[in-house]
Amino acid sequence: MPVYNAESYIEETLNSILHQDFSDFEIIVVDDGSTDTTGDKVKGIGDPRIKYFKQENSGGPAGPRNVGIRESKGEYIFIFDADDIMVPEKLRLSISAMDSHPEADLLFTNFSTIDEEGNQLKADFLKDYDTLWKLLKGDFNDSVVIAPELICPALVRVNFIGTSSVALRRSALLPVDQFNESLKNSDDRLFWILFSLTHKFIFLNKILHKYRILKNSISNQGFIRRGPSKIHALTIVRDKLVDPELVRLVNKQIANDYVSMAYAYKQKGNRKEQRENALKSMAAKMNIKALKLLISSMY
């Protein structure tokens with residue numbers, strides 16, 4: 001669990017884990033240079049299952065996630081954010097699903113969303129993610145195994161995996177399987193895509209955590225802030241691919257994301273950035289939306 005200045009929520013988050021109906025676990029908390037009382041609150045809980053590490057600020061969650069994975073001991077590694085809430089049966093049901101499907105190495109689940117005060121925003125966050133439901137082809141059982149040739153292209157199109165929903169099988173991890181520390185965001189999506197090239201995934205269709213959306217969080221910011229890392233992550237994926245169909249799909253998504261960047265700059269009246277991003281979109285894949293944005297940037 002990476003934490004940074006999480007004093008407002010860290011106790012509630014840790015208590016939601018400590019009160020699981022499955023008790024054989026450890027919690028690795030990696031404090032990424034907090035300047036508030038986060039550390040005191042973690043230590044104040046006083047449960048021996050909590051292991052607390054503090055480091056200098058790395059600028060993003062990827063570094064602390066990698067430290068947490070290295071310091072952990074168990075076969076199943078759960079990725080969890082410091083302001084989200086586990087429902088009481090999350091660990092038990094996730095472990096049961098992974099035990100039932102030893103052929104798969106990453107599990108993700110459905111989840112709900114809450115605001116800063118804990119009020120529910122969406123009861124079923126993945127309900128409208130058609131890419132996921134089409135992937136399952138009507139099989140909405142509790143747990144479904146998804147093959148690499150299906151999950152990878154789907155994740156290139158859209159990220160429907162909530163970070164706090166993920167569990168990994170340690171024995172399947174190689175030294176190369178790490179979160180990319182050069183990214184400020186989208187390091188999680190990059191991990192999922194690269195891992196999906198060679199591993200089967202499990203989707204457990206149960207709401208097993210509450211994802212807290214903060215006003216200043218990356219996920220709640222405009223595309224100008226989120227877009228660059230998202231595009232960078234996709235270029236890293238593209239450079240590792242050998243399948244020409246996947247390369248074309250990634251280039252199409254990169255082009256779409258540059259269109260989104262160009263449109264966001266158009267809304268701000270920044271014609272220079274609008275034009276540059278439209279050109280980058282067309283370089284990735286020629287498309288009419290980018291051409292229209294390019295033309296409109298000239299007037």
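One-based numbering along the sequence shown. Just the heavy atoms: all of them, side chains too, but no hydrogens, waters or symmetry mates, feed the values below.
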J.: Using the test salt bridge (charged side-chain N to carboxylate O under 4.0 Å, His left out), find all partners of K230 that sit at least two apart in sequence or belong to another chain.
T.: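 Testing K230 for salt bridge (charged side-chain N to carboxylate O under 4.0 Å, His left out), a comparison that skips the adjacent residues, returns D257.
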J.: Is the closest side-chain heavy-atom distance between S23 and R49 below 4.5 Å?
T.: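 Heavy-atom side-chain distance check passes, below 4.5 Å.
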J.: So, do V166 and F201 sit near enough that their side-chain heavy atoms are less than 4.5 Å apart?
T.: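 No, side chains not in contact.
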J.: Does F179 have R65 sitting over its ring (NZ/CZ under 6.0 Å from centre, angle to axis within 45°)?
T.: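 Yes.
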J.: Give me the atom names and distance for the closest heavy-atom approach of P2 to A82.
T.: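 Closest approach of P2 to A82: O-CB, 3.5 Å.
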J.: When rounded to the nearest 0.5 angstrom, what is the spacing between CE in M261 and OG in S281?
T.: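 Interatomic distance, M261 CE to S281 OG, rounded to 0.5 Å: 11.5 Å.
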J.: Testing the 3.5 Å rule here: is there a donor-acceptor pair between the side chains of Q274 and S296?
T.: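 Per modelled atom types, Q274 and S296 side chains form a pair under 3.5 Å.
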J.: Would you mind reporting whether L190 and D187 have side-chain heavy atoms less than 4.5 Å apart?
T.: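 They are not in contact (no side-chain heavy atoms under 4.5 Å apart), so the answer is no.
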J.: Determine whether I17 and M1 make a side-chain contact, defined as any pair of heavy atoms from C-beta on separated by less than 4.5 Å.
T.: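 With C-beta onward as the side chain, the pair touches.
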J.: Verify whether one side chain among N57 and Y4 offers a donor that lies under 3.5 Å from an acceptor in the other.
T.: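 Note: N57 and Y4 side chains miss the donor-acceptor criterion.
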J.: Tell me which one of F160, F203, F125 satisfies ring-ring contact (aromatic ring centres under 6.0 Å, His included) with F111.
T.: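 Exactly one option meets the ring-ring contact (aromatic ring centres under 6.0 Å, His included) with F111, and it is F125.
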J.: For K206, I'd like to know if atom NZ has over 12 heavy atoms of other residues, nucleotides or ligands within 6.0 Å.
T.: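 Counting neighbours around NZ of K206, 12 or fewer heavy atoms of other residues, nucleotides or ligands fall under 6.0 Å, so no.
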J.: Between E276 and K272, does at least one N-O distance fall below 4.0 Å, as a salt bridge requires?
T.: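 Answer for the salt bridge query: yes.
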J.: Would you say Y76 has more than 12 foreign heavy atoms packed within less than 6.0 Å of its OH?
T.: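 Enclosed: over 12 neighbouring heavy atoms sit under 6.0 Å from OH of Y76.
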J.: Among residues at least two apart in sequence or on other chains, which ones pass side-chain contact (heavy atoms from CB on, under 4.5 Å) with I85?
T.: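 Scan of I85 (side-chain contact (heavy atoms from CB on, under 4.5 Å), adjacent residues dropped) gives E12, T13, S16, I114, K210, R212.
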J.: Between CG of N5 and CG of D31, what distance do you get to the nearest 0.5 Å?
T.: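 These two atoms lie 8.0 Å from each other.
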J.: Do S165 and N110 come close enough that some side-chain heavy atom pair is under 4.5 Å?
T.: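 Result no, sub-4.5 Å side-chain heavy-atom pair not found.
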J.: Please determine whether the number of non-hydrogen atoms from other residues, nucleotides or ligands lying under 6.0 Å from atom CD of E56 exceeds 12.
T.: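 No, the 6.0 Å shell around CD holds no more than 12 heavy atoms from other groups.
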J.: Tell me, please, which residues at least two apart from D24 pass side-chain hydrogen bond (donor to acceptor under 3.5 Å, both in side chains).
T.: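 Per chain and number, D24 pairs via side-chain hydrogen bond (donor to acceptor under 3.5 Å, both in side chains) with no residue.
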J.: Calculate, to the nearest 0.5 Å, the distance between atoms CG and CG belonging to D177 and L168 respectively.
T.: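 Nearest 0.5 Å value for the CG-CG distance: 8.5 Å.
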